[in-house]
Amino acid sequence: MAYDSKATEAKWQSAWRGRATFAARTDPAKPKYYVLEMFPYPSGKLHVGHVRNYTMGDVVARYKRAQGFNVLHPMGWDAFGLPAENAAIESGVHPKDWTYANIALMRGQLQRMGISYDWAREIATCHPDYYRHEQKMFLDFLKAGIAYRKESWVNWDPEEHTVLANEQVIDGRGWRSGAPVEKRLLSQWFLRITNYSDELLDALKTLERWPERVRLMQEKWIGRSEGARVFFALEGRADKLEVFTTRPDTLYGAAFCAISPHHPLAAELAARDPALAEFIAECNRIGTSEAAIETAEKRGYDTGIRAIHPLDPNWNLPVYVANFVLMEYGAGAIFGCPAHDQRDLEFARKYALPVKPVVRPRDAGASFAVGAEAFTDPDGVLFNSDFLNGLSVPEAKKKIIARIEALGAGEGTVAYRLRDWGVSRQRYWGCPIPVIHCGTCGIVPVPEKDLPVRLPDDVTFDRPGNPLDHHPAWKHVACPVCGAAARRETDTFDTFFESSWYFARFCSPRAATAFERADVDYWLPVDQYIGGIEHAVLHLLYSRFFTRALRDCGYLDLAEPFAGLFTQGMVCHETYKDGDGNWLFPEQVMAGAVDAHGRAVTVGRSEKMSKSKKNVVGLETIVENYGADTARLYLLSDSPPERDLEWTDAGIEGVWRYVNRLWRLATERSLPPPGTEADGDHPARRAIHRVIAAVTDDLDKFRFNRAVARIRELTNLLEDGADIPGPVLREGIEAAVRLIGPMMPHLAEEAWQALGHGTLLADEPWPTAEAALLVEDSVTVAVQVNGKLRATLQLPRDADEETASAAALALEGVTRAMAGKPARKVIVVPNRIVNLVV
RNA sequence: GCGGGCGUGGCGGAAUUGGUAGACGCAAGGGACUUAAAAUCCCUCGGCUCGAAGGAGCCGUGCCGGUUCGACUCCGGCCGCCCGCACCA
């Protein structure tokens with residue numbers, strides 16, 4: 001009888017729902033385990049990339065449940081964001097309607113996957129019952145000095161009168177309008193994440209269950225560097241130019257100073273230098289993305305101003321405005337040392353500036369010169385540097401900082417790459433920022449009793465700009481302090497704001513406050529967080545900061561929200577474009593790579609599945625034809641979870657065949673009744689228990705693909721084991737069913753029932769391996785001659801070295817390879833290898 | 001450009017973390033069953049050389065070099081691809 005996936009999956013999903021099997025309850029008497037997958041943006045279509053993520057989480061949740069943990073496994077929607085507004089502009093549908101319709105669609109798709117979520121805890125961040133709490137948090141941040149206002153640069157589309165996301169700036173132009181983008185200075189809200197730089201950096205060490213690469217990326221992102229700020233006097237001016245450098249030791253190699261196009265000095269000079277103003281305007285056309293700025297051709301504009309070297313009053317340096325100097329880092333100004341910085345070197349070559357080396361390699365002489373490559377190795381000796389000559393780089397740094405401090409020309413300092421988090425967005429579909437601008441009282445927080453500040457529904461997208469801003473009534477309010485006519489803040493929060501605390505909301509999703517203290521104290525931190533590597537820095541760093549900010553405002557007693565992190569690889573797929581250059585969904589591409597009109601399709605490279613490029617594979621057809629379990633197992637079985645997965649349709653058939661084989665194995669053998677205990681050390685029992693131990697270990701380590709391979713090996717063995725005694729066969733089949741349970745829960749429940757059990761497999765404990773069955777008496781040892789495999793050898797376990805080498809020397813293949821020569825050296829690794837060196 | 005990662009058969013990958021490279025699967029080819037097909041089952045399957053065969057040998061983990069008795073694994077240099085770069089989420 002073929003396995004009926006559709007009926008079976010519906011049956012068990014309703015059984016779990018009916019018994020509230022996965023409802024989580026705060027119970028301090030039980031050990032808890034909080035499993036969380038990064039919640040999705042409701043784009044409207046659940047694709048295989050999402051499902052890969054959620055399936056991994058479900059395996060962990062079901063596995064930990066079977067191990068006796070009180071498991072919290074919730075799901076919700078990261079529901080504010082730009083695509084809803086784009087949909088409104090393109091097709092006139094309201095962002096709210098679009099979003100809730102998408103949520104309904106995706107919820108249904110997700111429920112058909114049979115993931116063990118506690119659906120009673122579902123949240124959507126666009127709901128006022130969610131965002132009202134973050135408005136309160138913001139007011140608390142404001143009181144605590146964590147939130148503040150400052151000016152910052154944005155990408156401005158002059159045609160659409162909107163701020164563009166970096167993603168929407170393509171080659172310096174607005175994606176929709178095609179108009180050249182300008183940078184504009186806007187007054188915006190910021191959170192002081194930089195107050196927590198050191199804490200966020202130091203605590204990375206404590207995150208033992210995070211991938212090393214993510215911790216490294218965060219460390220580099222925070223970018224703590226020790227250096228110095230140095231003041232250069234300017235010829236003919238009273239003010240000084242402050243620069244930051246990590247290489248004060250190279251000060252004698254300085255060739256120029258460079259300031260950011262946004263430096264106050266640049267603005268001042270541009271006011272009376274039209275050519276400079278034009279240069280700055282050109283820099284502003286690059287956009288705000290650091291990648292764009294860094295990859296743009298390095299250019300500078302000589303201001304004509306001369307800076308006086310702090311250690312030599314007779315030494316002048318030209319001051320350039322340079323497009324690669326960032327106002328946000330250090331002092332927004334640098335001194336350039338071409339010999340010891342590659343970028344400075346290229347700049348110096350371009351503008352014919354001197355390249356004077358001041359550090360040389362230990363083995364180089366005084367004639368050391370720099371060619372096409374700057375000498376950046378910190379292991380070197382100072383020369384051409386007056387009182388620093390002969391010193392190592394660290395010594396020179398110390399000494400020169402002492403000197404400039406004595407001269408009052410600067411001081412040692414620490415700079416961070418990390419910048420404060422700008423949370424203002426000039427958009428409609430986000431959480432309103434709860435402040436009011438009053439002509440007399442300034443910025444006034446919305447009183448707590450007036451929260452939430454709700455988004456108005458009656459908005460239009462038919463003209464450029466922020467709909468909140470041109471809403472006829474919404475922004476006009478009375479000042480809560482003086483009662484005069486005032487104006488609401490029309491900016492909304494960055495959507496990272498919502499995702500920075502949703503894991504806490506899941507602990508008490510219906511609480512009148514953000515969350516109940518007892519609930520977060522019990523459930524947090526998240527024991528296992530699972531999501532894409534693309535979130536390695538921003539979302540995860542913001543959440544770590546936000547948790548600390550909440551702690552400092554008395555919300556909870558916790559610094560790190562995620563005790564364990566697993567970053568899964570992305571699911572990739574080829575991209576397709578039709579004859580007009582529009583993206584196509586894979587199902588729109590016919591055989592022979594033509595579109596619906598018979599035109600040739602351009603097949604692009606494989607990339608991360610994303611809705612914008614339409615290279616997504618939906619699940620409907622797979623679930624329809626093969627069932628959720630088949631899709632789940634396929635997503636787990638082939639690729640290691642941390643690696644990217646190239647989606648192909650081939651292979652799904654193979655998994656479906658396996659599903660049916662397993663089903664037949666569980667239902668078509670005559671077995672002793674349930675409860676029959678197997679004993680003894682039959683080889684099949686040994687194999688069964690080895691697999692139990694290995695799969696348990698694999699699941700602990702997120703090696704789902706290996707776990708699947710092992711379970712398949714077990715079922716292969718059971719299938720052709722005509723000589724396996726009945727009780728052992730039952731033990732083996734039950735083990736296979738229980739081990740596969742977290743991955744294919746519906747099939748496993750059905751098989752468990754077919755095996756004669758009246759319980760839910762979801763309520764059964766995890767199988768344990770009998771230790772005595774795991775040790776083998778005999779081992780296979782590889783025998784090498786000069787490191788090359790020549791034979792293998794069966795030896796009793798833990799045989800001593802003499803026995804092993806004697807047995808090895810007696811082997812025919814070994815004597816042949818040794819060709820009569822004596823062994824000069826014998827290396828014996830017990831139970832593993834004998835290597836004879838001749 | 002900068003930061004982080006990855007690279008193993010035709011394909012996805014495994015390799016006890018320095019100790020038998022290719023587990024498990026996909027695809028392909030051959031065969032059995034069948035009137036036929038599907039389903040199922042069995043066999044072969046990194047490359048090359050020698051052998052009728054059992055088998056034997058050489059090469060092989062992106063490329064070049066190094067460390068080691070022994071390297072997919074460690075080190076140095078290169079090439080290619082992926083992720084992130086602060087307003088996509």
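A, B, ... follow the sequence lines: proteins, then strands. Residue 1 opens every chain.
- The C1' atoms of B:U68 and B:C26 are separated by 38 Å, rounded to the nearest whole Å.
- Using C1' as the reference atom, B:C45 and B:G25 are 14 Å apart when rounded to the nearest Å.
- No salt bridge links A:Arg213 with A:Glu642; every basic N to acidic carboxylate O contact stays at or beyond 4.0 Å.
- Positionally, the nearest nucleotide of RNA chain B for A:Lys298 lies more toward the 5' end than for the other of A:Ala709 and A:Lys298.
- Residue-to-nucleotide contacts include a donor-acceptor pair under 3.5 Å from the side chain of A:Arg427 to the base of B:C87.
- No donor-acceptor contact under 3.5 Å links the side chain of A:Gln784 to the base of B:C69.
- RNA chain B contains the following stems of three or more consecutive Watson-Crick or G-U pairs, with both distances under 3.5 Å: B:1-7 with B:79-85, B:10-12 with B:24-26, B:28-32 with B:40-44, B:46-50 with B:55-59, B:62-66 with B:74-78.
- The backbone N or O of A:Glu297 lies less than 3.5 Å from a partner atom in the side chain of A:Asn323, making a donor-acceptor pair.
- Between A:Arg690 and A:Glu713 no salt bridge is recorded (no basic side-chain N to carboxylate O distance below 4.0 Å).
- In this structure, A:Thr792 reaches the bases: a heavy-atom distance under 4.0 Å links it to at least one base atom across the strands shown.
- Across all strands, A:Arg710 comes closer than 4.0 Å to no nucleic acid atom at all (heavy-atom distances).
- Spacing between B:A21 and B:A36 at atom P, rounded to whole Å, works out to 46 Å.
- Among the protein residues, A:Trp221 comes within range of the nucleic acid bases, having at least one heavy atom under 4.0 Å from a base atom.
- Taking atom C1' on both B:G60 and B:G5, the two are 26 Å apart, rounded to the nearest angstrom.
- Checked by atom type, the side-chain pair A:Asn716/A:Arg661 shows a donor-acceptor distance below 3.5 Å.
- Taking OH from A:Tyr329 and OG from A:Ser260, the interatomic distance works out to 14.5 Å, rounded to the nearest 0.5 Å.
- As judged by a 4.0 angstrom heavy-atom cut-off over every strand, A:Phe496 is placed among the base-contacting residues.
- Among the protein residues, A:Glu713 comes within range of the sugar-phosphate backbone only, with heavy atoms under 4.0 Å from sugar or phosphate atoms but none that close to a base.
- For A:Arg816, taking side-chain heavy atoms from C-beta onward, the closest of the listed nucleotides B:G1, B:G84, B:A56 is B:A56.
- Note on A:Val154: a base of the nucleic acid sits closer than 4.0 angstrom, heavy atoms only.
- Comparing A:Thr295 and A:Arg417, the nucleotide of RNA chain B nearest to each residue sits closer to the 5' end for A:Thr295.
- Rounded to the nearest Å, the gap between the P atom of B:G31 and that of B:A37 is 12 Å.
- A:Ser637 comes within 4.0 angstrom of no nucleic acid atom, judged by non-hydrogen atoms across all strands.
- Among the heavy atoms of the strands lying under 4.0 Å from A:Gln188 is at least one base atom, whether or not backbone atoms are also near.
- For B:C24 and B:G9, the C1' atoms lie 15 Å apart once the distance is rounded to whole Å.
- A salt bridge links A:Arg710 with A:Asp698; the closest basic N to acidic carboxylate O contact falls under 4.0 Å.
- At a threshold of 4.0 Å, the pair A:Glu212-A:Arg215 counts as salt-bridged, since one of the basic side-chain nitrogens sits closer than that to a carboxylate oxygen.
- Within 4.0 Å of A:Arg824, counting heavy atoms only, lies no atom of the nucleic acid at all.
- Nucleotides B:G7 and B:U16 have their P atoms positioned 14 Å apart, rounded to a whole Å.
- Residues satisfying the side-chain hydrogen bond (donor to acceptor under 3.5 Å, both in side chains) criterion with A:Arg427, sequence neighbours excluded, are absent altogether.
- Between the P atoms of B:C74 and B:U17, the separation comes to 14 Å (whole Å).
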